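Scope of the values below: all heavy atoms of this structure, side chains included, with no hydrogens, waters or symmetry mates. This structure is a prediction, so every number in the text was calculated from the model and none was measured.
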Amino acid sequence: MSASARSERVSGSHRCRGTVSTDVAETSRTGRSSSRDAAGPKRTLSICEDDFPTVLPVQLHVVRGPERLPADEETKEMLRGKLRILQADSAEVNSIFTELSAHVVSINSEDKVIFVTFQTFEEIWKFTTYHTMGLLSKCMENLLLDQAFWLSSLEEDIAIEASIHEETLGLIYKGILVEEGSLFAKCRSSQMFDSSTSGRDLYLEQGDLALFEPPFLGSGWTVLCLADGARGTAPKPALEPVISFHQWFLKSCADSILVGDGKPACEFPLQFARGICLATVEYDAEGPDELTLAPGDRILIVGLLVSCFNWFTGRKEATGEVGLVKTSLVKPSTDVYDSVDILLEAEDGMFFSLQEDKVLDETIDLLKKKCPNDTGHNYKLDVISYQEFSCPAKKTSLSSSKNVDTQQADLKRNIQRILDQGGSSSPNSTLAINGTPEDSVLVTEAKKPSPPCFTVHPLVEANNTENFIPLFSFLDGRDYKVEFGVMYGLSSELLASSGFCGHSDDDELIAFLGAAREIARKRRLLWSQTRLCLLLGKLCAGRSKFSQARVYFEEALIVPHEGFCDFRLLACIYSNLAAIYLLQKHTESFFAVTERLVALLLGIPDCLESLEDNSVLKYILKKAVLSHNTMAEARACYLLTKHHWTRAEGARAVPYLERLLVLCAEAQAAWSVSLSHGYLALGKLHGELCLPHLSVSSARTASLLPSATLTDCLSSMVLVLDNVNKLDGITEQEASIPPQVAPLLHQALAFTEVHGNERAQYHVLRHHLAACLCQLFHKHKMVQRAICQMHALINSSPLSQKVSISVPERNSALMWLAWLHIDNSQPGIALDILDSVLSSMPEHCTTPQEGVVLNMRGVALRCMGDFQRAAESYQTAVDICQEYEDLPNCAVAQANLGLLCLKAGAKGLALRHLNEAVQVFSELGDRGHEANFIRVLLALGQHYLNQQQLFHGKGCYEWALLLAISANLLDCQLNATQKLCHLYTYKSPDQGQCIIYSQHQVQLLRCTGDRRQEGEVLEAISQLYLSLGTEKAYRAALDYTKSSLGIFIDLGCKEKEVYGWLQAGKIYHLLGQTELVDLYVQAAQDVALSSGDTRFILKLLEAAGDIFFNSCQDRDKAVIFYRDRALPIAVKSSCVHTRLRLCNKVTEVMLSLKLYGEAVEFAQTALDISMTLGERLNERVACHRLASLYHSLEQHELAEHYFLKALTLCPTPLEFDEETLYYVKVYQTLGNIIFYDLKDPFDAAGYYQLALAAAMDLGNKRSQLQLCTRLATIYHNFLKDRELSLFFYQKARGFAAELNVKRINISADQQYSSLSR
């Protein structure tokens, strides 16, 4: 197909497609990829590289099974079809890739490739992270897998894998970094740089990290050493950019944290050590926070010793003292080892609690809300339409069939056992379900004790020491108390408002605490003084008096004379000091205090809660990155994540949590961090950040990991439910269970089977999981799968324990199973189940649920053909409804009676019951019954139409449509609209109304996503506009044809696409735009040829010729398609009937074009084929055409021969007037040939008389007048028979009088002149 045709298609259908080929994608890389591809991924970055790619292809693969083998071709084609749809409407794919921090350039559906680009290195960092974590592939599954596919492939383990070209991505990353102007990179080799800040050159070793700036205006590369801030230059440094996460992190660090503190000294041989080390030198503690050492002292590492930090927390084995120890003063002992885990013994690696009982209860409650089963409360309308059984004796039931297999027998026994168990249980014996999903609280959000509130006394009373006794009593003591932790965590504002009362302002409080500090100092209450200094420092810092605050904090460090046992206090002092040093740019002091604080954070988990901000944690991560210590980096990411998580700073926690999960997955040994829990936490954060695609993908990944538990699976399901509804724009009230949750339901069921019947709660959960999955199967027309699911649930019910499901819920489940069997053409099995349920109900009184059973029993009996018992069951259900004044169910039962009467042929009775049902439905005030009301109206409308009461039928259909619109029921709207379209097409033809309802049908189909049916309806609308025959209608038809064409292209429907191109070409032909006709016909031909189907190609060529054959212009083009293109293929493929049809069409066209000589060959071929096939009608047509051709060629004898042969092939006796008229015409033509061309009046008179006889038999007086006149002329002027001449003349005069013809001329000249005219 030519480019102009494609362009016309795009503009005509108002589409914007992003389809590009691989060649186009390569061109979009600015044509500079040849030199790049030859380079390896580790090559040195040069100063002049401006030839970086800009587009990254994301290759998609469909894989199957745990081995990830390629899927079958049908599944691959499904993927291509979905990509074709996304090419036309890219909003959804753009939304997903926006969350993935990429921008879609184009989509190549045939190669299954999506081309993306990036604008910043941060986007590359996020995209790479999501790809590494597998979230990219999960997002593609959410995008590309159909809803039914989630259900049909539960056991097949089909997935979509997204792969990228790492080298191309690396080059894009480098290009963006160079463009942005600065980058962090590591030296590929040891090298010297010309110093710009000191007299000596800057030396960087291989692997050292530094900040590089590209050349500017001919200068060399500029480098900033992170160890000491020294600068240098070099023309072409050998460097490799750090990975994108490190790039982002280092660029986000403040210079005061990033630059300085010297090069990390990794003298300790183990990078991430645990165990016992030995002191190498004697050391006297310089403060209460340090340990005094002697050579050979055995020091137990508290937590971790990380070699790139100057201090660690240790415990002297001999005395049990705990304090800080310099890393440089110890060496490994035989009991030291590299840790294989980043968590400390007291840490569980959980960011939020997942209590199993609470999660189970929340999930059950959510499933009840999202997936309610109304089978036990609402009557079912009889809409089952499969073929009825001829008689009740042929039913397939559990009790009567002789071939019931073991499974059905087991099912029957289990159903009876369940019913027997429920006999002694109360109707409300269900487990209490409490709580909401929001009850999964943070670990740190557990209820904490509140510190006591102290009264602030005026300064005049400050010298009264009794006023401070409660405060000193609380603050004194060397050891840590929980109340202290709460106090340490209070901000200055909360400290002033909740910890103290009775003061008018902060100055009064500070003065009071200052007096208390002085008294504590004098009385040697050292720990009270220390904690008072901490409080005073926090209050001063809160008032921006940082120098005064620093004095208090520094005093707090030197007051104690014995070592700290309250390490939360020590960490809080260090944290506040570090923040002030950083603010006042005391860099050396900041680094010194931070190193000590790091030792506490790596040794004592609770110290994390004492941090004021994340600057110290960033310092830990910086040192880990610079020293290439992966374990330390993971530990830092964990601490940063937990720090931000506990402060509800989700957006700031996400990058570190993602990096932590990547490092966990890459770790050689398993860490204590639960990957499934980490992905769940990430999914929660993504949900809070309004990234629903990533949230769903994270939740699905969490459930698929080997570490996933039942609790993780259920939490993932809740998370998916919350975010899938956000994706679809569904409100919480409208939300139901989407198919994407089916794999999680299936997995959770598998977990409950493993647990067995340990607890009743598991059985309740299994019941609701199975019911939910069963409803999903039924909704997507997988009834057999739904039945198997319910059978498995029943067969796995507990044998002997207290029933945890209430009797109504139990009966509802069994009735639902019965309904599934009815829907699966097994009404006999359903009847047995319903009878069992009915027999288990109390006999002394009726219940509303008994009416539900009886109504469904009537449906089963109707399907089995037992109309009498069905009517009795329905009537009993009606009586129960009337007893309990249940109007909605009463209306359904009345409608079922009416439908049953229709089946039985009692139309009057049916009309009465249906009208009663409509009356009751119309009087209902509450909502929720519209669907059944609409179905009843449609059934009643169909009945009226069958009775030819079109007005009433139309009214029912329109009422149903209005109800469906009011209730926003798309399926019901679609059904009603289709009924109205059928009405205005066939029963009461009205093109205008049909177009209106068809257009509404298109809008509904777009909402449901049924694009194939949408394309077919658009085709029908196009035909409707074509039938109007105006230019405006033709243009409207063209628009609808192009819209349908675009849909069929997207869906890959080759045949529909071909005929769409042809239809558009035909409309352009009708509009007289001949220059576009050939383009569209050629496009259709190209698509047909690409299919390789000979018969399809043949049909296409014939249809293309028909465009010109059925027109009055350019008919010669039909010959090209018929003779030159289609006929050779028909001959070669031995398509005899097609060849016959083509020969007839070629003959007809050539006749109209007066190409008589050329047409004879094809007419003769048509005759030969007709004779071979024995088709007399085609043979007669071929003879007639041959006769006409020979007549036109003035070969009169042959013309006479074939006309006579055609007459011999006419059926006898004649049945229709058209056959008699044919005799009249042919005999008259023969007479003309013999009389005027062969000059034989005698034979001509014979043919004319035969024609006259046929005309008399037909009663055609005008033909008789003409023939009698002709015969009178012949007998008068040529055969000289006056008697016959007078006879025919008188006959002609009689016909002339009847037909009001004024004059008859029988002269020979007049007859010749009439013939010539």
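Under 4.0 Å is where a charged nitrogen must lie from a carboxylate oxygen, and between Glu658 and Lys126 no such pair does. Under the 4.0 Å criterion applied to side-chain N and carboxylate O atoms, Glu286 and Lys326 are not assigned as salt-bridge partners. Contact check on Glu205 versus Lys186 returns no salt bridge, with no Lys/Arg side-chain nitrogen under 4.0 Å from an Asp/Glu carboxylate oxygen. Arg635 has a carboxylate O that lies under 4.0 Å from a charged side-chain N of Glu347, or vice versa, which qualifies the two as a salt bridge.
Inspection of the His165 and Thr168 side chains reveals an N or O donor paired with an N or O acceptor under 3.5 Å. Under 3.5 Å, the side chains of Asp613 and Ser615 contain a donor-acceptor pair of N or O atoms.
Using a 30° and 60° split on the angle between ring planes, Tyr619 and Phe590 fall in the perpendicular class, above 60°.
Phe118 meets the ring-ring contact (aromatic ring centres under 6.0 Å, His included) test with Phe127; sequence neighbours excluded. Legend: residues meeting ring-ring contact (aromatic ring centres under 6.0 Å, His included) with Trp671, ordered by chain and number and at least two apart, are absent. Partners of Ser698 by side-chain hydrogen bond (donor to acceptor under 3.5 Å, both in side chains), not counting sequence neighbours, listed by chain and number: His686.
A side-chain donor-acceptor contact under 3.5 Å links Lys622 to the backbone of Ile257.
Tyr173 has its ring centre no less than 6.0 Å from the ring centre of Trp248.
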